[in-house]
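Here the structure is laid out as structure tokens; the discussion comes afterwards.
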Amino acid sequence: MNDWQRKSPLDWETYVNKLVKVAAVEKHEYEGWVLTVDPVSASIVLATFPENEKVSISFVMGHAVQEVEILREGDSDMKQRLSRILAPEESKSYSPEELEKRKNNLKTWLETNHIPVAEQGELGRRLCVAGVLTIDPPYGPEQCSSSNEIILSRVQGLVQGYLEKQQ
């Protein structure tokens, strides 16, 4: 096990959103912005932005890393650019007011259809359906969570149908 692999996830986190040069085995060198470091394998995920091309992602396996040198800190623009790489295209940010409206509309619709629903959490942002399923912001089918797959599937279908009618 090399020194890089012995680091903790908190140590690796200090490299995220920074431009680094990675020295690897067999005199290979890689340069790029650190998107993340895999906590199990210590592999580094690097992003580069070649001119007139889409982003390029490369992986340096943890066992091959010999040294990592920070070349530059990422500014807020770069941090946003890096965060958008892994965000789904359709992901949309909602204002707190929009989220509250979405939550209340979904809750009202569920109650109208005789589905027991309650608000949970400190701010009441999570919806709990029948005590066995939760729906987190922004309250779509992907945000439904339950250990009961049958209930999960059915409620996801209901939420999807509800959202389609809203459009």
Side-chain angles (χ1 to χ4, degrees), residues 4-5 7-20 32-50 53-62 73-167:
W4 177 256
Q5 290 173 298
K7 289 184 182 289
S8 74
L10 290 175
D11 294 330
W12 292 322
E13 191 177 22
T14 62
Y15 291 87
V16 174
N17 294 328
K18 294 188 172 108
L19 182 63
V20 299
W33 294 91
V34 179
L35 273 175
T36 190
V37 178
D38 176 51
V40 176
S41 67
S43 298
I44 304 171
V45 181
L46 297 174
T48 55
F49 301 95
E53 292 181 40
K54 288 190 173 190
V55 66
S56 174
I57 305 291
S58 54
F59 299 82
V60 182
M61 297 295 129
E73 298 279 331
D75 59 12
S76 61
D77 289 341
M78 182 53 72
K79 288 178 184 175
Q80 277 190 329
R81 193 173 181 187
L82 292 168
S83 70
R84 283 194 300 265
I85 292 172
L86 299 177
E89 283 294 319
E90 69 278 354
S91 75
K92 176 184 173 193
S93 59
Y94 295 95
S95 71
E97 295 79 22
E98 288 174 310
L99 286 175
E100 187 69 19
K101 183 179 176 194
R102 285 175 65 92
K103 178 187 76 172
N104 291 334
N105 289 346
L106 179 59
K107 182 179 179 195
T108 301
W109 183 81
L110 290 167
E111 289 170 340
T112 302
N113 287 284
H114 307 291
I115 298 170
V117 62
E119 295 180 18
Q120 281 187 337
E122 285 180 34
L123 303 172
R125 295 183 69 197
R126 173 178 283 177
L127 293 177
C128 182
V129 178
V132 295
L133 179 136
T134 59
I135 309 172
D136 290 312
Y139 309 105
E142 302 84 20
Q143 289 77 39
C144 295
S145 178
S146 176
S147 59
N148 185 321
E149 291 182 31
I150 295 169
I151 291 174
L152 177 63
S153 174
R154 291 194 177 157
V155 173
Q156 282 178 319
L158 288 173
V159 171
Q160 183 65 43
Y162 162 76
L163 291 175
E164 287 170 1
K165 285 181 183 175
Q166 300 304 304
Q167 294 176 349

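Along the sequence shown, residues carry numbers from 1.
Under the 4.5 Å side-chain criterion, counting only non-hydrogen atoms from C-beta, L133 is in contact with V155. W33 is not listed as a side-chain neighbour of V16, based on a closest heavy-atom distance of 4.5 Å or more. F59 is not listed as a side-chain neighbour of S43, based on a closest heavy-atom distance of 4.5 Å or more. Side-chain atoms of T134 and Q120, non-hydrogen and from C-beta on, do get closer than 4.5 Å to each other. Side chains of V129 and L110 form a contact here, defined as non-hydrogen atoms less than 4.5 Å apart. Counting heavy atoms from C-beta outward, L127 and L106 have side chains that approach closer than 4.5 Å. Side-chain contact between P138 and L99: present, with at least one pair of heavy atoms (C-beta onward) separated by less than 4.5 Å. Looking only at side-chain heavy atoms (C-beta outward), I44 and Y15 stay at 4.5 Å or farther from each other.
Side-chain contact check for Q160 and Q156: no donor-acceptor pair (N or O, by modelled atom type) lies under 3.5 Å. With hydrogens and angles left out, the side-chain atoms of S41 and D38 include a donor and acceptor closer than 3.5 Å.
Between the side chain of W4 and the backbone N or O of A42, at least one donor-acceptor pair lies under 3.5 Å. In this structure, S153 contributes its side chain and E149 its backbone to no donor-acceptor pair below 3.5 Å. Formation of a donor-acceptor pair under 3.5 Å by the E164 side chain with backbone atoms of G161 is not found in this model. A donor-acceptor pair under 3.5 Å links the side-chain atoms of S146 to the main chain of N148, judged by distance alone. Side chain of N113 to main chain of I115: no donor-acceptor pair is present (N/O by atom type, distance under 3.5 Å, no hydrogens or angles). Distance alone, capped at 3.5 Å, places no donor-acceptor pair between the E53 side chain and the P50 backbone.
Closest approach of E111 to V117, counting heavy atoms only: CG-CG1, 3.5 Å. For the pair G140 and I135, the tightest heavy-atom approach, listed with the atom from each and the gap, is O-CG2, 4.2 Å.
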### Task
Please step through side chain to side chain contact (heavy atoms under 4.5 Å, CB included) for the pair V34 and L46, ending with a clear verdict.
CA-CA 5 Å; V34 179; L46 297 174; 3.9 Å; yes
### Steps toward side chain to side chain contact (heavy atoms under 4.5 Å, CB included) verdict (V45, I57)
CA-CA 7 Å; V45 181; I57 305 291; 3.7 Å; yes
### Task
With side chain to side chain contact (heavy atoms under 4.5 Å, CB included) as the test, would you mind laying out the steps for Y139 and R126 before giving the verdict?
CA-CA 9 Å; Y139 309 105; R126 173 178 283 177; over 6 Å; no
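Here K79 contributes atom NZ and N17 contributes atom CG; the two are 6.0 Å apart, rounded to the nearest 0.5 Å.
Among residues two or more places apart in sequence or in another chain, the salt bridge (charged side-chain N to carboxylate O under 4.0 Å, His left out) test is passed with D11 by none. Under the salt bridge (charged side-chain N to carboxylate O under 4.0 Å, His left out) criterion, E100 pairs with K103, sequence neighbours left out.
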